[in-house]
Structures are given as structure tokens and as C-alpha cells.
Amino acid sequence: MLSLELQGNIKMFKAILYKEWLKVRWAYIAMLLVSLLVLVYIWMTVSKQIEFNEAKTMWSVIIFRKYKFFSDLQYIPLVIGFIVGIAQYAPEALQSRLKLTLHLPVKENKILIQMLFAGFVLIGLLFLFIEIFLTIITGIYFPSEIVSDMLTTIYPWILSGFAVYFAIGSIFVEPVWSRRITLIITSIALISILFTTGDFTFSALLLLTIVTFIIPFWTILTGYNFKRGIK
Amino acid sequence: MENVVEVKNLTHYYGKKLVYENLNFSIKKGSIFGLLGKNGTGKTTTINILNGFLKPASGQCLMFGEDSYKLSPETKARVGFLIEGHIQYDFMNIVQIEKFYSQFYPKWKKEPYWELMSKLKVTQGQRISKMSCGQRSQVALGLLLAQDPDLLILDDYSMGLDAGYRRLFIDYLSEYAKAEGKTIFITSHIIQDLENFLDDCVIIDYNSVLLTMPVKEFQKNFRQFNFTTQEAHLNLEKDDLVRNFENIKGHCVIYTFASESEVSEYLTQKGIAFTNLKLESMSLEDAFIGITGKY
Amino acid sequence: MTISKLGRILVLVSIVFVLANYLPDFYWLKFDKPVSKPLIGYSPVLSQFLIGGKSADGFAWKDEAGRNYSRNEWELYLPASNYRQLLYENILPDSINGEKMDLDSLRLHRISLRVGPDVISSRWIQLFPLMESQSGRVRLTMLDDFFRIDENGITFIDSKTNENDAAKSKIFTDAMLKAGFNFPSKLIAGNPSTMKPFDEGYFVIDSDNKLFQLKMVKGKPFVKYTKNPEGVNIKFIMMMENNLRNFYGIAISTDNKIYYILYDDYKFLEMPIDKYDHTMNRFVYMGDYLVRNLIIENDTATANYATDRNNKLIKAIDYKFYDGSKDAAISAFNLIFPFSLSFEEPKSGVFDIFFNHSGIQSVWGLIISAVLAFIILRKRKAANGFNYFDVLIAAFTGIYGLIAIILIKNVE
């Protein structure tokens, strides 16, 4: 039996999720289609390349030249995070609609974090779909070593999607332009680290994950600034 | 009687520009309180402070005894808030928005909402953004009524509404206010609708507070005297007696809290030759314009 | 501490993280200067090292004492490594130091190889093609299958179907078990290229640290335990099939020793070098018929060890080629930046988290940052102005924290 407080929290989060979903659904579906398109394109390309160049050549360039047959996907999570973030937060920030949200009988920080969490769940599901789809494509043509290498490679790309989403969510709430710019530059710099070419080690990925998941908590500061009415 | 809202020595600046200083008022439980002023005098600023969206430069604002800047969720649930321009989640339709808000308010009553909605000529699937301003105001009002708050804060409910919708709004609010212990705080720049509706009011002007008193008292004691004079360029400075003065080619108007004899004495003392000193009756709007001036 | 303060600290942390990543890069974009590496070779004729490098008037050849040589002299004094040029000019001597300048020998011994920290640390997908080492054809060809080694044995996967070749896998697994191999493997090293004269397969270290050679001969497994020396903890093996057939390749141990793996019963022959650190230095092998130059390099200096064909040290030289042109920039860097953070070491190409602190020199920078923070915060007004916590941030993170606290004002 869940405690009453927890039940209340879940109920409110579901309501927030519902609201965020209504805002982002078209953008979300569009992004789902874009992802699907890119995935199918990658699939067709791989099968064509294998047909034309022999599987062993394809395996060799992947293994020895670190060829990324899925590199078309590189910026897709970034685009998803960006578009979904804008779709979710632009209507909120325009016309001070955020005041409605912050007037709801929930603690302000809680509701801001819940909004980000709602978007995180939504884009997370989309990323999961991409990963599963790509795992299946890769698994058809290549052994598990190449599958896991692929997953390791796309991991920072996926992080970039979360990072840009979190950054947009936090920055839209911020009322002061100078600080918005500071945060925009900080997030661009942070995201570009994720696209540093080359292989991140496990510990590097861990650190980058931690740093990415600090971004949603920026909203505590920007929400405070919004509330305080610093202009 | 218990005060729902207490504003103490509120001073605020917009940048370096003074909005007002030492604003004091309190709103009694069960009363209807108006914050009146022309556009740009700081009505929305006050509402923002009251709702905790702005930290005042100094002074204090209490709602249900809590600092308005740190309202607890429980208190926020007791406060209904209409944002200027009837802003709502306009990406939703009327079904979605009701479904959304109902999750947050334990006392949610959907009947008054649907009653209002049934009178609107909108389909259930129509997005709020596709509705007319008047229809949007009804959605916002319906949501407030369903929330059943103890205190309603309405920021310029009249904005963008034609006379019919404004009337409708006030009618519903009057009905709502009849319930036990419901308090309304309303701002408007259209005064005529509020006649016979408000209990108390604060009138603010650019960077100052003009008065704080019950509306009945204001209407009873604030007077307009007309007189004529030969001095075509007569101008009286504002002072304790003269709250406002107009002179159109020798036809002069004094707005004052003083009695006829006091005005007469005042003019005589200043050595002004006048004739036809006469008390004119005023509507609330006339009185508002009288105290704030036409410009 | 209020929750909004915590939110601010997280923003500050993010900004410091980003600045520590990028500011040092920007700094070096502006102040880095190229350092040219010299070419050093041991001359068996002069019995000393000759050093070629950039000088005021172009490229110059000098000996250890600083005497100048012409390019032709350089080639003459390093005859085995320049034999093709000398042959072309018809001035290749018949013999040097009693060694006959036999063309076959000259060609066979001309081998070079380099191993940097990036090569040692880089990650590769652990799938390998096993070639037929005696196909009867001149050219090597790649087969369709790739193998993996795990706790179950060796598995061949056919790239055409992406399915395991159970029969072949069993034959090879059995052969490896029979040879005493204990699955899984710790290291698999080979040279999977068709651009080599012949194929020696792979060196594989099993879970007991035993080194095996694995190859395929006429479709059958060839697995041999090499009896590698105990106590040598192998970090890295580079295979290099060459017609000299003197050594299969080299092995680098975790304690920074470098060995030839000889054809002679897989003996490990330790190279007479010191000062090597596989995480920092590049190792270069430049062998010719007369001299095997073993070179340990970093960004500022090189250590050259000239050995003979039998691995006997002839002469060694430490040569610093860095001229100090960046010293001022480095000192200023250490003063300004208390630390830097990166995920790739630009010089070596190694990927990891690199947190480099600037040492004792940065103390002054930290003090200056703290003082600046103190002054700036004092000037700011009341509530969101001065606080000791911000000064502490500047004191610990220097310029990064200072910028962060200036950009993001304190909250109540």
C-alpha cells in the first residue's frame, strides 16, 4: 500500500506528464518519424554496403578502421532533445504561462523538476527505441562485440540529447538574458565535449553522465530567479 | 474580522524607477477588494508580488498569514489566480484542461465549469488558442470556479472583453462571492463594471498610492463641485483639499473630500471670484477619474 | 544552505567544468609554439651519433660535438640506413667495420616500428581474422570468418551469415585446450593485414598469463605455448611479420621493459633501454643491417640507444631538443590555470579523464583569484554580493571559479 503522499505525488506527476505530452506530442511524433527514417536509411545502407563490398570487408573496416556505419545518427538525439525541449518550454515561457504552472499547489522546485523529468521520460523512451532498433539492425549483420561497441559509441550522443533538453528546460525559465547567455554558452560547450571525436573511457563516460545530469538542477537556480522576478 | 491578505509598507522599484512606496492595505475575509489604477501604475506588479512571482524591494505581503513569497502548496490551493489576459494552457482543449487541473485540487468541483462551458459555443476538441478572447475568459473563469478557492485574485479580468462578457464575468463573481467566506481581489482599469460590486479599494497612480478605503465611503465623501469663474487661466495646485482641478474656459471642477462650505471658504480665502458653486453627483468611474485625473 | 544556493552551486560546478576543459585549449591555441624533433642516427663509421635538425639556416646535420656535415656525408656515415641512395649514386662501400654490405642483408634488416601511448591504450573490437598462413599463394587473403576468444573457447563467426562456425570453432578450441590454453584470453595481438609478406597469426595470452602462438596452417590449427618468461607482465604486443625472421614482434611489459619475441624458441630478449614509460613515451625502432636504433621520445627530449644486431648496446645519447621557447608560456599557464581537464591527451592521442594540476606555481594564481573575488564581491551590493563561500570557490578553482561567481551572482 503506497502512502497517501506518494499517491498524491504520482497523481500530480501523471498530470504534469499529461500536460507536457499535450505540448510536445506533434514534435515528438515528428521526431519519432525522423528517427525511424534515419534508422531505416542506416539499415538499407548497411545491407547495400555488405552486398557490394562483401561482409568481411565491412567487418574489417568496422573492426580495424573504427568505421561507424551508424554515424548518420550522431546528431539525431541532439535534434530530438532540442526540438522536444523547445516544444515543451516555449509555450510555457511565452506569455508567462509558467506562472500558471508555478501557482499549482506543488512546491515550485518540485514541479520544475517534474516537468524536466516528464520530458526526460519521453525523450528517454525515444532514445530507447532508437537503441533497440539499432541493436536489432546491428545484430542482424554483426556479432555482439560490434553491437556493444556501437552502443558505447552512441552513448555520448544520447547524452547530448538529454543535455540539450535539460539545458533548454532550465534556460527558458531563466528571466535574465545575460544569465541565459552564460548558460547557453555553458551548455553548448558541455555538449560539444560529448562530440569530441574518439573513444571515451568508461570513467570518462561516467563523469560526462554525471555532468549531464547536473544540468536539470540548474532549474533550481533559474526557477528561483524567475520567482524572484529578477529582470 | 480576519484578514486574508495583508500588505504592509510595500515598496517596489522597476529597475531604478519607483513603482510605489509604502502601500498598505488589508483584505477582509469575505470582502471584494479592488486595486484600481490606470494602465501602467503597477497593478500587475502588485499581483505578482502577491502571488510570489516578484520579490518586493521592501515591505511584506501576507496571504492567509504566510509570506506571499514562500506560499505553501496548501495555501496556493486556496488561491485562485487569473493571469492578465486570461492566459491559460491554450494548447489544451476544454476537456483536457479540466482533466489536468482536477488532479491538483482536492476540492475540485467540475459542475460549475461544465455549466459555463455548456453555454460557450465551442466544441470539446477545440483548442483554447483557437477561441475568442471572450470564450477564453470563460474557460479561465470556469476553471477558477471549479477550483473553489477561498481567495480569488483576478488580474485585469476585463482586458480584451466586450461589455457582455465583462458583465457575465461580474455576475458569476457576484454569485461566487455570496458563498461563505469567499474573498475576491480584483484589478481593473474599467471602473464602471465594478460599481456596486466592490467593498474596498486601493487607488494607485504612477508612483504613489492615492487612497485606501471602503468604496461606499469613497463614493459618499468624494465630491465634485462645479463653478464658473472669469479667470480663464485659473489653476489650483493639488493640496489637502483640492485632490484634482480642471478648468475649461472658466468652467471649473474641483474634486475633493471637503464639504460645499469648506470649498466655498477655500475659494474665498484664495481670493477667487466664483459663481454657481454646485455639487455634482458622480458614478464610481467619475470618482475614479476625478481622483486619478484624465491624463 | 537553501535549495536555491545548491542550485547555484551546481551551475557553478558546470561552468567550472566547461572552463577547465576549454580555457586551457584556447590558451595554447594562442601561445603554443612548434617544437621540431631532430633526426638522430648512430654512425658506425664515426662511432658517434649524428643529429639532423632545424637550425637557423635550414636543416643541418651535426655530430655530437657540433661539427657540421653535408647531407651526402650524413648518408655516407649512416650507410646501412641510406643504402638505397648510396647504391643509386654507386658509392655504397663494399664493407664497413668488416661487415660486408650485402644487399640482401641490408634490405632484410631495414625494419622500423613505432608504438605510442595511444596505440597501447586504444580500444579495439575484440574480433580477429585468422588467415591461412600457408595458402600456397604469394598474396595473403582474408577469409570470411572472424574469431573471438571467451571463456567457452575460440569461436569463428562467418561474416556472410553472422553465424558461428561450430565445427571450426570446436577444432580450434580443442587444439588450444590440448596445447594447455586456459580460456579466456587476456590479450590477443596480431597484425591482421594482407599487406605483409607472410602470416604468423596471433600471440594470445591465456588467463594464466601464458603466451601462445595461434595460427592456421593448411586449414588446421597451430597452437604453441611459448614458455614466456615468468615475472614478465605483458602489457602490449606488437606483431610484425618481416622477412628477416629474427623476431615476431615486440612485447612491452607493465614495468616498462621492451622485449623482442625471437623466432629462436620464442625467447624474450630485453632491449637495453631505460627511461621508458609506456604511458608517456613513444618507442621507435629503426633498424638497419649495422645498427638498431632504439628511440624513446617525449615532447622535449629523446633517448637514443644504438645497439648491434645482437642487441648489444653500442652507445646511448640523451638529447634535449626543446629549446625553452615555451617556458614563459608554461609558467604563465601554471599561474593562470590551477588545473585543466580533458578527455583526450592531445600529444599522445590517449583517451581518458586527464585532470592535470599545475603544481605549486598555481598557488599564486589561486591567491590572486581569491583576492580578486574578495574585491569584486565587496563591491557588489548587499544580499547577493559578498560571501566567504564564493571567495573559497575562487581560492580552490582559481580563474574558473572566479569567472563563474562573477557570471552567476549569489542568491539569498
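In what follows, chains are A, B, ... by sequence order, proteins preceding strands, each numbered from 1.
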Does any part of the side chain of A:F200, heavy atoms only, come nearer than 4.5 Å to the side chain of A:L194, both counted from C-beta? no

Could you have a look at C:D352, C:N21, C:I408, C:L407 and say which one has the most heavy-atom pairs with chain A under 4.5 angstrom? C:D352

Ranked by heavy-atom pairs below 4.5 Å to chain A, first place among C:M142, C:E163, C:R123 goes to C:R123

So which of C:D145, C:D158, C:I15, C:V18 has the biggest tally of heavy-atom pairs under 4.5 Å with chain A? C:V18

Suppose we call two aromatic rings close when their centres sit under 6.0 Å apart. Are C:F146 and C:F156 close by that rule? no

Residue of the set A:W157, A:F82, A:F195 for which ring pair (Phe, Tyr, Trp, His ring centres under 6.0 Å) holds with A:Y75: A:F195

Could you check whether the rings of A:F117 and A:F13 sit parallel, tilted or perpendicular, using 30° and 60° as the cut-offs? tilted

Among A:S60, A:S170, A:S187, A:S148, which residue has the highest count of heavy-atom pairs closer than 4.5 Å to chain C? A:S60

Geometric class of the A:F129/A:F133 ring pair [parallel <30°, tilted 30-60°, perpendicular >60°]: perpendicular

Can you see whether A:W43 has A:K48 sitting over its ring - NZ or CZ less than 6.0 Å from the centre and within 45° of the normal? no

Considering only heavy atoms, which portion of A:F142 lies under 4.5 Å from any heavy atom of chain C: side chain, backbone, both, or neither? backbone

For A:Y141 and A:F69, I'd like to know if the aromatic rings sit close, meaning centre-to-centre distance below 6.0 Å. no

Among A:L183, A:I215, A:T182, who wins on heavy-atom pairs under 4.5 Å with chain C? A:T182

Do you know which of A:N109, A:I214, A:I193 has the most heavy-atom pairs under 4.5 Å to chain C? A:I193

Does a salt bridge link A:E92 with A:K99, judged by any charged N lying under 4.0 Å from a carboxylate O? no

Contacting region of C:L143 [heavy-atom separation from chain A under 4.5 Å]: backbone

Interface check, chain C: of A:L205, A:L208, A:T222, most non-hydrogen pairs under 4.5 Å belong to A:L208

Applying a strict 4.5 Å limit to non-hydrogen atoms, the region of A:I63 in contact with chain C is both

Identify which of C:L19, C:L127, C:T161, C:N164 forms the greatest number of heavy-atom pairs closer than 4.5 Å to chain A. C:L127

Select one option (side chain, backbone, both, neither) describing which atoms of A:T152 are under 4.5 Å from chain C's heavy atoms. side chain

